[in-house]
There are 2 protein chains.
Amino acid sequence: MATLRTAQVAELAGVNVETLRFYERRGILQEPPRRASGYREYPPDTVERVRFIKRAQELGFTLKEVQDLLELRETTRAKAGRVRKVAEAKLEEIEHKIRDLEAMKKSLTELLSTCDGQKTIASCPIIESLSGCERCRGGDTGRPKKEHSR
Amino acid sequence: MATLRTAQVAELAGVNVETLRFYERRGILQEPPRRASGYREYPPDTVERVRFIKRAQELGFTLKEVQDLLELRETTRAKAGRVRKVAEAKLEEIEHKIRDLEAMKKSLTELLSTCDGQKTIASCPIIESLSGCERCRGGDTGRPKKEHSR
DNA sequence: ATGGGCCCCGGACTATGGTACGGAGTCAAG
DNA sequence: CTTGACTCCGTACCATAGTCCGGGGCCCAT
């Protein structure tokens, strides 16, 4: 069983068959070889790739971003310098996400331990958990803004 | 300057004015007091709340999930037990995300250090970075499946 | 008292990421 | 060699999360 058919890949990766076709159209999955009849024959590692895509999405990356991430692997050699830049940027983004999730984790943990004692925790600070992010994009979206007198 | 108007909140939080109205309709921002004219007067901490929402989204939470997260804070007392369950589930989810991001970070770091030396890294394993997730939802989406003979 | 800039609202529109549909061809067990 | 499950394709549709529009009302500096 060297190759897989669409339904098998879909099943193993936990996605809809249509999703595979969709990814192919989007270019995030490259077109697999076909047999004479036109049936796709997927290499088995496609399953891992699709799972990666789904999980990366759950971590807040868009399909485009996932694609870039995956292309880091394929592209190497040739434009190595540009790849490096992208990888470094992604790395920082990932580290930022980790920091923020750690902060959320901390405040959720606090909430749980406080709620445990039936106290008034009116100030359980979930929101503040991400405020280390404060100026990271606060107050400027890059969109043009009209100044107003006041 | 005790309260803020929509444009100010939007500016400070880095979102579109329409987004605030949208969040209000969705119930993720509660309706602020209005002055006689109908103008909204936001309490300043709205800005933090909106930033939290945006950041949580970037971490892969849907608006619905963010809402639940925020309600953990508000809801306490009364249905404390149910809240606890939700908080614990979220905590696990967050820890899972952190683990996965750490894995991505690791493989990106490896990729960077390998690319550095101009080597052939045909096997840079970005994809495997999330495969610790393997069976976490692989192979079963809960959708009904028809068995086929082969 | 007036005008430029904000604010109100409902409703239409957009982008992203899929999902569903339907008619036709393929595969393999009986 | 039929039949039921699977596959193909294009196109239409869906949910989420906004974003824009346009007609009308406020606000206040000049």
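First the proteins, then the strands, lettered A, B, ... as listed; each starts at 1. Treat the numbers as computed from the prediction; the structure is a model and nothing was measured.
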Whole-Å gap separating P (C/dC8) and CD (B/Glu41): 10 Å

Residue A/Phe22, side-chain atoms from C-beta onward, closest of C/dG18, C/dG25, C/dC6: C/dG18

Selection from D/dC8, D/dT19, C/dC27 that lies nearest to any side-chain heavy atom of A/Arg35: C/dC27

Side-chain N or O of B/Thr6 closer than 4.0 Å to phosphate OP1/OP2 of C/dC6: no

Nearest-nucleotide pick for A/Tyr23, side chain only, options being C/dC6, D/dG18, C/dG18: C/dG18

Any B/Phe61 side-chain heavy atom under 4.5 Å of B/Ile94 side chain: yes

Test item: A/Lys106 side-chain N/O and A/Leu101 main-chain N/O as donor-acceptor pair under 3.5 Å: no

For nucleotides 14-16 of chain C, tabulate all protein N/O to nucleotide N/O atom pairs closer than 3.5 Å, reporting atom names and distance.
none

So which protein N/O to nucleotides 13-15 of chain D N/O distances come out below 3.5 Å?
none

N/O donor-acceptor pair under 3.5 Å between B/Arg26 side chain and B/Arg21 backbone: no

Distance test, side-chain N/O of A/Gln57 to OP1/OP2 of C/dG18, below 4.0 Å: yes

Any donor-acceptor N/O pair, A/Lys90 side chain to A/Glu65 backbone, under 3.5 Å: no

Residue-phosphate contact under 4.0 Å: A/Lys64 side-chain N/O, C/dG17 OP1/OP2: no

Qualifying residue for side-chain contact (heavy atoms from CB on, under 4.5 Å) with B/Val9, from B/Leu20, B/Leu29, B/Thr19: B/Leu20

Distance, rounded to the nearest Å, where A/Leu20 contributes CG and D/dC6 contributes C1': 14 Å

Close side-chain approach of B/Phe22 to B/Arg25, heavy-atom, < 4.5 Å: yes

Report all interatomic pairs (protein N or O, nucleotide N or O of nucleotides 9-11 of chain D) with separations under 3.5 Å.
unit_1 : atom_1 : unit_2  : atom_2 : d
D/dC9  : OP1    : A/Arg34 : NH1    : 3.1
D/dC9  : OP1    : A/Arg34 : NH2    : 2.9
D/dC9  : OP2    : A/Arg40 : NH1    : 2.9
D/dC9  : OP2    : A/Arg40 : NH2    : 2.6
D/dG10 : N7     : A/Arg21 : NH2    : 3.0
D/dG10 : O6     : A/Arg21 : NH2    : 3.1

Nucleotide C/dC8, atom P - distance to CD of B/Glu31 in whole Å: 12 Å

Polar side-chain atom of B/Glu48 near backbone of B/Asp45 as donor-acceptor pair, under 3.5 Å: no

N/O donor-acceptor pair under 3.5 Å between B/Arg84 side chain and A/Leu112 backbone: yes

Residue closer to the 5' end of DNA chain D, B/Ala36 versus B/Phe61 (nearest nucleotide): B/Phe61

Reported CG-to-CG distance for the pair B/Asp100 and A/Leu59, which is rounded to 0.5 angstrom: 5.5 Å

Any donor-acceptor N/O pair, A/Gln67 side chain to A/Gly27 backbone, under 3.5 Å: yes

Polar side-chain contact B/Tyr39-D/dC27 base: donor and acceptor under 3.5 Å: no

Any B/Thr19 side-chain nitrogen or oxygen under 4.0 Å from OP1 or OP2 of D/dT19: yes

Under-4.0 Å side-chain N/O to phosphate OP1/OP2 contact, B/Ser37 with C/dC8: no

B/Glu88, CD atom: more than 12 neighbouring heavy atoms under 6.0 Å: yes

Between P of C/dC7 and OH of B/Tyr42, the distance in whole Å: 10 Å

Rounded distance (nearest 0.5 Å) linking atom OG of B/Ser107 with atom CG of A/Leu69: 8.0 Å

Nearest-angstrom distance from the residue atom CG of B/Asn16 to P of D/dT19: 5 Å

